[in-house]
Amino acid sequence: MTSDREQAGYVGSAERDMHRVAKDVSPLDLADYQRAVRVLLSNPLITDVYPDRRSLPLVRRWAAQLRTDLHEALGYRLVTTANTARLLRVQDELDTTRPARTRTDRPFDRRRYAYLVLTLAALGRSGTQISLSELADSVGADATRVDGLGLDTESKPHRDAFVDAVAWLEARGALSLADGSAADWVNNPDRAEALYDIDREIVFALYTPSRVLQHLRSVTALLETDHGFAQGQTTQRKAAARKARRLVLERPVVYYADADETIRGQLRHASLGEDLERLTGQTVERRAEGVAIVDTSGRLSDVRFPSGGTPSQAALLLSARIARYVANDDPPRLPAATAAERDEAAAERIDAGLPLTGILDELSEPAPTPPGNPEDPENRGGPAGAAEPATYPFVGDAWLRSAMRELNDVYGAAFAVAWRGDPDRLLREAVRLLASLRLVAKIDGGVLALPLLARYRGTTAVVKPRKKPTPVFDIEDVS
């Protein structure tokens, strides 16, 4: 087996001749170019109004350079039209940590996702304007063909879910309110109405699947495959380098133990950090366990940590408690799920909702299978001769509940009232946040403390006393 050091040297000889990012951008313009990169990576669809009115002109200015660099460095494709910029990304793994969200920041559920897709389909068949009730009727007609879905406009939860999907499209400019009120329609659809203008260019830019969805039996068919790896060593190394850069950009942290040997060699290579730092303007930080981008701009990450709000503050305090417990008490160590195992579990949850009945079952293709004979012992648990999986400190649920109750007792005065009264719910949300950031890994019975958690072991907090409100008047002066 090739060592990481040998692998890094092997890759390096091929990387010297690769395209260097932003090579034609002058030092004076580099910061502006990097802002355009960060905006585009954070918002794969940019319109006149989304995420703001300054973003589209910025991306347009650098469109040619962005198109070249993002393709060469990451394998992404940038498509621009008169009113949109759409970044078509390559999906290497399933990510369940970045859901679509409502205007009140609640994650979409299955019903909202289904309504969103059916709404896009209905808008694609519509003209330039449509009323909300007409759109609901069109979506409802399609929804009845999906077992267990439906759209009953007499049901308030159904109307809420449908309008959340419409609002998501409205925020991105696919729909714009011309008259009426969607909120009034939700509360009383018989007496209220809303009229929308449709931007068909944005509608078509939003829906750009890489495969015909009716032909898929599994969501894993949408993931990037390794077909290019069979086309020679140069193509293999180039594809591996692109994948390594994508992983560092897409994940909060990439642990060496979680990557296969080819990708691990690329992750250790100096060119990866140089390219990503010049591309994004951010710092690539290396540690013994892995690689991460440190977002000093606050414009590249979709989740800031730590940040304001009770769940984030509780997660930060809990991470410090876990880090100290791990350092002082030496808890038992267990292996974490590999990236492939996480993908498999996520795919099972997603595929459980696929409507594989009737015509869809006839059109769909078999789910992809990994190369090689699955019965061969060398194909179980990774490549033949692979090292033993890494293990991490285990922290049980009972310890976590006790720690959260203690944090609530000490810092509860600074927590929002709704969270203060429900420490178990606060614990679930804090652990969910830590897991999404790859600070911990959730397993049955508790969590595993991952290496990045050590960054927060020295965290301390002080509850500032609340200032007493100034009285509107002094009662003693009233006679």
Side-chain angles (χ1 to χ4, degrees), residues 37-38 40-46 66-67 69-79 85-101 107-108 110 113-114 116-117 120 168 172 205-229 235-236 238-255 258-260 262-263 266-267 272 276 279-280 291 293 300-303 337-354 364-371 436-438:
V37 171
R38 293 194 296 267
L40 195 53
L41 291 174
S42 302
N43 306 279
L45 173 69
I46 296 178
L66 289 168
R67 191 174 290 112
D69 287 342
L70 293 175
H71 175 71
E72 290 293 335
L74 303 170
Y76 293 170
R77 187 161 62 94
L78 176 62
V79 178
R86 182 71 160 93
L87 185 64
L88 303 178
R89 295 151 90 163
V90 174
Q91 195 75 23
D92 295 293
E93 58 186 6
L94 298 175
D95 184 0
T96 60
T97 65
R98 293 182 289 185
R101 292 186 174 273
F108 271 33
R110 285 185 183 272
Y113 279 122
L116 176 60
V117 174
L120 277 169
W168 191 92
R172 284 151 183 80
L206 270 168
Y207 184 67
T208 53
S210 58
R211 299 281 303 279
V212 179
L213 298 186
Q214 291 92 325
H215 291 181
L216 306 185
R217 290 186 68 91
S218 172
V219 69
T220 55
L222 295 174
L223 298 180
E224 174 72 351
T225 63
D226 294 340
H227 298 319
F229 282 21
T235 302
Q236 179 179 354
K238 186 174 182 179
R242 283 176 169 174
K243 182 174 181 178
R245 297 187 195 99
R246 290 196 298 264
L247 291 178
V248 175
L249 274 173
E250 298 288 351
R251 292 186 190 173
V253 58
V254 181
Y255 295 115
D258 203 27
D260 62 50
T262 304
I263 301 301
Q266 291 286 353
L267 291 171
L272 178 137
L276 290 181
L279 184 68
T280 65
V291 189
I293 285 186
L300 187 58
S301 302
D302 56 334
V303 177
T338 65
E341 290 169 339
R342 293 196 303 272
D343 264 1
E344 183 178 355
E348 288 178 357
R349 296 196 301 272
I350 296 170
D351 290 348
L354 290 178
S364 58
E365 300 171 352
T369 56
S436 72
L437 296 169
R438 298 292 291 152

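Quick caveat: nothing in here was measured; it's all calculated off a predicted structure.
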- State, with a plain yes or no, whether a side-chain heavy atom of Arg242 is found less than 4.5 Å away from one of Glu72. yes
- Could you pull out all residues at least two apart from Tyr113 that satisfy ring-ring contact (aromatic ring centres under 6.0 Å, His included)? Phe108
- Any residue meeting side chain to side chain contact (heavy atoms under 4.5 Å, CB included) with Ala205, in chain and number order, not counting sequence neighbours: Leu45, Thr84
- For Arg342, the side-chain hydrogen bond (donor to acceptor under 3.5 Å, both in side chains) test, sequence neighbours excluded, returns Asp258
- Check side chain to side chain contact (heavy atoms under 4.5 Å, CB included) between Glu341 and all other residues, then give those that pass, not counting sequence neighbours. Ala337, Thr338
- Message: Taking side-chain hydrogen bond (donor to acceptor under 3.5 Å, both in side chains) as the definition, give me every residue that meets it alongside Arg98, ordered by chain and number, with sequence neighbours left out.
- Response: Asp95, Glu250
- Item | Between CG on residue Leu94 and CD on residue Glu348, distance to nearest 0.5 Å | 11.0 Å
- Any side-chain heavy-atom pair from Gln91 and Leu222 closer than 4.5 angstrom? no
- Out of curiosity, Leu223 CG to Glu93 CD, how far, rounded to the nearest 0.5 Å? 8.5 Å
- Task: Output all residues satisfying salt bridge (charged side-chain N to carboxylate O under 4.0 Å, His left out) with Arg101, sequence neighbours left out; order by chain, then residue number.
- Result: Asp105
- Query: Would you call Arg349 and Thr96 a side-chain contact if the rule is heavy atoms closer than 4.5 Å?
  - Reply: yes
- Message: Looking at Arg246 and Leu74, would you say the former's side chain and the latter's main chain have a donor-acceptor pair under 3.5 Å?
- Response: yes
- Not counting sequence neighbours, which residues clear side chain to side chain contact (heavy atoms under 4.5 Å, CB included) with Val117? List them please. none
- At what distance, to the nearest 0.5 angstrom, does NE2 of His71 lie from CZ of Arg67? 12.0 Å
- Message: Suppose we screen for salt bridge (charged side-chain N to carboxylate O under 4.0 Å, His left out). Which residues come up paired with Asp343, at least two apart in sequence or across chains?
- Response: none
- Sub-3.5 Å donor-acceptor pair from the side chain of Arg86 to the main-chain atoms of Val79, do we have one? no
- With sequence neighbours excluded, what pairs up with Asn43 under the side-chain hydrogen bond (donor to acceptor under 3.5 Å, both in side chains) test? none
